[in-house]
Q: 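If you scroll down you'll find the structure; I have some questions about it.
Note that these values count all heavy atoms, side chains included, but never hydrogens, waters or copies made by symmetry.
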Amino acid sequence: MPTVPMLRYWLSEHPSIVNFRWSHSQSWGSTWPFLVAAVTFYVVAAVILHLLMILLRRVRQVPLGPIPAIHSLSMAVISAVVFTGILLSAAAEIRDTRWLWRRSRTKTTPFQWLLCFPIGTRSSGRVFFWSYIFYLSRFLHLIRTFLTVLRRRRLPFFHLFNQSILILTSFLWLEFSQSFQILAILSTTLLHFLVYGYRFLTSVGLLATCFRFVLNCQAALLSCNLLCHFGVFLFHVLKGGCNGIGAWICNSVLNSAILLLFVKFYKENRCDGIHKNPPRF
């Protein structure tokens, strides 16, 4: 079987992907109590570890060996798979449902669908399968926090808030079939592939460290999200509504808070020296 058709089958046409359905009884981590408990445990554990490291007054960093490099490589690979999977799945959904959009009253276009799901959309099918995988991958990202603390680096509030909000927003995407999530996952996984790939190459000595690269990637992602949110608002007002708009409003407020914290964090690190306190996300 040729490589491209095989890739398309395993990432967008496999029965487990096509028949996926977000369910509180069948999908791991799909309940509100689990979400609250997981985020609370993450924040408390990170803060306790940070305080323990301060109390122990360790002068040297905890030797982590190849663990940071392995984690960075794993996250880069996972991000690349999710990016490819949701890209192929979105293309397949557009191919299979375009005929229905043409008959609809609003005459939905593929670009509009990427930003604004029609009212009544349910969390099932290809793109929501990859949205679920993206949600699960957020928990693997949290390991980076503990590696950072063990290296005796700062644990800024922006870092804890950003990681916690990303888990919450990816949960809301699935729980309320929120519009805009396809483009958000594509941009986020592309960013993570670049950043974690860069971190892997620097950890094995193939690239020189340049924290400005990470900062610029984060700024690009926040700018892209801002433009997409504006597009969702326009389609909701002009095209008769977008699915999951309540969750989208909550998402917009949380993203605005992240943007404000990021600007504050950026200004502080410009004054203190960006190389001393690089951004972590």
Q: Using ring pair (Phe, Tyr, Trp, His ring centres under 6.0 Å) as the criterion, list what pairs up with F117, not counting sequence neighbours.
A: W113, F128

Q: Can you name the closest pair of heavy atoms from F134 and I185 and give their distance?
A: CD1-CG2, 4.0 Å

Q: Hey, does the side chain of H14 reach the backbone of Y9 with a donor-acceptor pair shorter than 3.5 angstrom?
A: no

Q: Within the 3.5 Å criterion, strictly below it, is a donor on R144 or Q163 matched to an acceptor on the partner's side chain?
A: no

Q: Could you verify whether a donor N or O on one side chain and an acceptor N or O on the other, from Y132 and S27, lie under 3.5 Å apart?
A: no

Q: Test your reading of the model: is there a side-chain donor-acceptor pair from H141 to the backbone of L166, 3.5 Å cut-off?
A: no

Q: Can you confirm whether the side chains of T121 and S177 place a donor and an acceptor under 3.5 Å from each other?
A: no

Q: Looking at every non-hydrogen atom in both residues, tell me the closest pair between F193 and A76 and how far apart they are.
A: CD1-O, 3.4 Å

Q: Will you find, in the side chains of W130 and S89, an N or O donor that is under 3.5 Å from an N or O acceptor?
A: yes

Q: Hey, is the main chain of S12 close enough, under 3.5 Å, to the side chain of R126 for a donor-acceptor pair?
A: yes

Q: Between the side chains of W32 and H24, does any donor sit under 3.5 Å from an acceptor?
A: no

Q: With distance as the sole test, does T40 use its side chain to make a donor-acceptor pair with the main-chain N or O of A37 at under 3.5 Å?
A: no

Q: Quick check against the 3.5 Å criterion: does N251 have a side-chain atom that pairs as donor or acceptor with the backbone of A247?
A: no

Q: Using a strict threshold of under 4.0 Å (side-chain N to carboxylate O), is an ion pair present between E175 and R122?
A: no

